[in-house]
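Because the structure is a prediction, the values reported are computed rather than measured.
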Amino acid sequence: MIKKYFDTININLSKISVLSFMQHYGAPTPLVDFTRNIEIGIFFAIENLIGSEFQKSENIIDDYFSVFHINNENCKLIDIESN
């Protein structure tokens, strides 16, 4: 069903497209957000860790984050205009 959805909006089924879809609908994912500035992405990924002790979570997805790089020519996934 999700493949059919992505086919209708002309987006390839991939880890990043599925994770972004899940995040949009409130499912837990390692995604923080999309940005063209890696420093902004890293800030939001670790902002709650600054000044606090690491505490291992029972939910493994809480213990890591991921950074994906998308080339500008492949940005139709996130539909934002470049300056």
Side-chain angles (χ1 to χ4, degrees):
M1 178 147 167
I2 195 166
K3 181 172 180 355
K4 185 176 180 181
Y5 170 74
F6 285 120
D7 286 345
T8 62
I9 57 174
N10 199 28
I11 292 177
N12 293 329
L13 191 62
S14 67
K15 286 180 184 180
I16 189 71
S17 63
V18 171
L19 288 171
S20 63
F21 178 85
M22 290 170 58
Q23 182 189 44
H24 181 76
Y25 287 100
T29 74
L31 299 180
V32 175
D33 209 342
F34 291 99
T35 181
R36 292 189 181 273
N37 184 328
I38 189 69
E39 292 171 351
I40 291 172
I42 291 172
F43 170 80
F44 284 109
I46 65 171
E47 71 174 323
N48 292 328
L49 300 176
I50 298 170
S52 59
E53 248 181 77
F54 176 76
Q55 297 196 5
K56 187 159 181 60
S57 172
E58 290 186 29
N59 187 352
I60 193 167
I61 202 165
D62 293 333
D63 291 338
Y64 70 94
F65 66 91
S66 301
V67 175
F68 291 89
H69 175 265
I70 303 172
N71 291 326
N72 281 338
E73 57 269 10
N74 296 325
C75 276
K76 61 182 180 176
L77 170 66
I78 54 178
D79 193 32
I80 56 175
E81 293 187 25
S82 178
N83 292 333

K.L.:
Would Tyr25 and Ile2 show up in the same hydrophobic cluster when neighbours are defined by side-chain heavy atoms closer than 4.5 Å?
P.N.:
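Yes; tracing contacts between hydrophobic side chains, which count when under 4.5 Å, links both residues.
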K.L.:
Nearest heavy-atom pair of Phe6 and Leu13: which atoms, and what distance?
P.N.:
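In this case the closest contact between Phe6 and Leu13 is CD1-CD1, 3.4 Å.
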K.L.:
Any idea which heavy atoms bring Ile11 and Ser17 closest together, and the distance?
P.N.:
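The answer is CG2-CB, 4.0 Å.
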K.L.:
First locate atom CD1 of Ile9, then atom NZ of Lys4, and finally report the distance between them rounded to the nearest 0.5 Å.
P.N.:
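Here the interatomic distance stands at 13.5 Å.
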